[in-house]
Amino acid sequence: MERSTIVRVHEGLHARPATRFVKLAKSFESDVEIVKDGKAASAKSSVKLMLLGVKEDQEVTVRATGADAIEAVEALIGYLENPLSGLDGDAAAQSDAAPAVAESAPAAPVDAPEPAAMADGTLRGIAASEGVAIGPAFTHFPPEIRAEGRELAAGEIPAEIERLRKAIAAVQRRMDKALAENSLSAGDRGIIAALKDIAADETLTGEAETLVVRGVDAVSAVISATSKIASEFGGVDDRYLNARADDVHAVGRQICLALLGQDDVSLENIPQGAILIADDIGAWDLARAPLKRIGGVVCGHGGATSHIAIIARSHGIPAVLGLGERVNALREAREVALDGDAGHVIADPDDAVRADFARRVGEAAKERNALTAFRDVTPKLADGTVIEVAANIGSLEEIDAALEAGAMGVGLFRTELLFMRHMHLPSEDMQAETYSALARAFAPHPVIVRTLDIGGDKPIAGIEFPEEENPFLGWRGIRMCLDRPDIFKRQLRALLRAAVHGNVKVMLPMVSEMDEVRRTKVLIAECAAELNAEGVPHAMFPLGVMIETPAAVLIAPALAREVDFFSIGTNDLTQYVMAADRLNPTVAKLNDVANPAVMSAIEMTARAGVEAGIMVGMCGEAAGRPDLIPAFIRMGLTELSMSPASIPRAKKVIADLKAAGG
Ligand code: PEP
Ligand code: MG
């Protein structure tokens, strides 16, 4: 049984989506392979799968043989065709999959050109994590583990295999123990989980065992197996996968240390504010190091997408990586200054450089503190109007990050993930519990729950979608919900029940005509009447619509009389106004919210809402853009909802606007 498809998983089968794909494949008995460009790899090995380098928009074939081959192919094809696969906030996925932080950490900077030394002695490497730092050097050059080069006698082989298996199991146990620690951030947990995955993958363990069977001692076997796999990662035409070579080496080192009964050199005693200098730091070591004390990181190895870079960025530690051999020049340094924006490192700086760095460090700290101070600010305009800066989230796991960032409620709760992460449609009780928990967490602030916005492009178990030529123009969002009152009413009933527990508002996606709102209101009334008759506690919620189709913009004055609020979905509005697919990189230039056509659609919407006296908000990506926020505020928007990380800066932009008399 086999089927081909075009991969829609966002950014392809990279770390986390690959791990989850493998997990799904392993849930079937059948042998499953994925084939790309004539090359086949087992779908049950994350290392093999990552090495295949499956990218978004590429064609692949899934092939299965065995009792449950049909189910396996269906499920895996469904996974590959889902852009959000592997990216949801599923707690299980966070703990047993690869780096969550890759998606949530600040974007990777572009690698600098070849590292070099500049005339004034400044070393130039890859600017891997922004920020400047100056501090005492803390060098970390653990001794290299050398191959033992022992030839085994036939009789020694079974015991050596046993020794190897025990060492691998010990490393996995240590990683499990680290994963169980509460102090780990979700991102670091994801990275350790990815390393554990490599340690458990039969590609590495199998290769090492094969060598031992041929009479090679276990340490030498692990060194040569890791080198072979690492060089395969190094040879793939993909920078992210190239960086996985370092992960393979890190895992190999841990297995060797376990075989030798040694502990690795620890980073535990690093002094406050020190600059960590190393040829290479295993992500495993760095994730467990006292990161709060580390002022900066300088490494011979690593690139902008390596795990060291990801950890550094997510913890706000400036880092310059990829110095190569030049890092050895820092072995004797007493003090180091580094610029993570430019990729520069200066050993033992003179007074002028030291003063310059001290000033820049001070300014950066001031800016960070200033932003922190905005977390608890309620941004107001000069006339006293409060601008609600809210969070876009898709799961309950994201609540803490949103609250910590200072979210004044939720401006968009995407309910799709709730439907997509289960094998069946979620029950009314389960939905009611989820929406209630959300409402309770943010009360008295509002939480705006968007009703199911699913279409042929994001299939879910339990709903049959027809094959469509243009899924983005097809049976999705409110269109599908109105045709499936069984699904829609279950969600509306759950929302009416949750409204008892906090400030719940509900909004409809993809609205393009008035009738869709009217028909929804009839269903809401029916649900309320049923709950009444059943004696189930419930409350009516304000009903709004997303403005994300040109049709909705053009009928905004009439819609505004029918609903309680508007929320402008700029992601879809931009693609529909500009007729430029939001997923197609070839037309990315056209897909620009700042294009006058889109800005004018936003303005028309705002005017209609303001004239009707209803709240106008925005929940598309543009809501967090500091350069556009002033224009949106001037148009009359009073709510901006964005990813939590953007909240403090948005609050500052609004406060600055007030200070400027806006
Ligand atoms: C939008 O279209 O702007 C929006 C917020 O919805 P989504 O990105 O989920 O389609
Ligand atoms: Mg949308």
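Numbering of ligands and ligand atoms starts at 1, following listing order.
Residues Asp656 and Lys652 are paired through a salt bridge, judged by an N-O separation under 4.0 Å between the basic side chain and the carboxylate. A salt bridge between Glu428 and Lys489 is absent, with no side-chain N of the basic residue lying under 4.0 Å from a carboxylate O of the acidic one. The pair Glu74-Arg3 meets the salt-bridge criterion, with a side-chain N (NZ, NE, NH1 or NH2) lying under 4.0 Å from an Asp/Glu carboxylate O.
Backbone and side-chain nitrogen or oxygen atoms of Glu416 are examined, and none is located within less than 3.5 angstrom of a nitrogen or oxygen of ligand 1. Taking only nitrogen or oxygen atoms, main chain and side chain alike, Arg476 does not reach within less than 3.5 Å of ligand 1.
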Q: Decide side chain to side chain donor-acceptor pair (under 3.5 Å) for Asn591 and Thr574; before the verdict, give the C-alpha distance in whole Å, the side-chain angles of both, and the deciding distance to 0.1 Å.
A: CA-CA 6 Å; Asn591 207 291; Thr574 308; 5.0 Å; no
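Under the side chain to side chain donor-acceptor pair (under 3.5 Å) criterion, Asp572 pairs with Gln575, Arg582, sequence neighbours left out.
Using a 4.0 angstrom heavy-atom cutoff, Met546 counts as in contact with ligand 1.
The closest donor-acceptor contact from the side chain of Tyr435 to the backbone of Ala499 lies at 3.5 Å or more, if one exists at all.
Contacts of Arg450 with ligand 1, taken as heavy-atom pairs under 4.0 Å, involve the side chain alone. For Glu621, no heavy-atom contact with ligand 1 is shorter than 4.0 Å.
No more than 12 heavy atoms of other residues, nucleotides or ligands sit less than 6.0 Å from atom CD of Glu621. For NZ of Lys380, the number of neighbouring non-hydrogen atoms (other residues, nucleotides, ligands) closer than 6.0 Å is 12 at most.
Protein atoms that are N, O or S and lie under 2.8 Å from the Mg ion (ligand 2) are these: Glu548 OE1, Asp572 OD2.
Less than 4.0 angstrom separates some heavy atom of Cys619 from each of these atoms of ligand 1: 5 (C). The ligand atoms of ligand 1 that sit less than 4.0 angstrom from a heavy atom of Leu412 are 5 (C).
Defined by atom type and a distance below 3.5 Å, a donor-acceptor pair is present between the side-chain atoms of Asp383 and Thr385.
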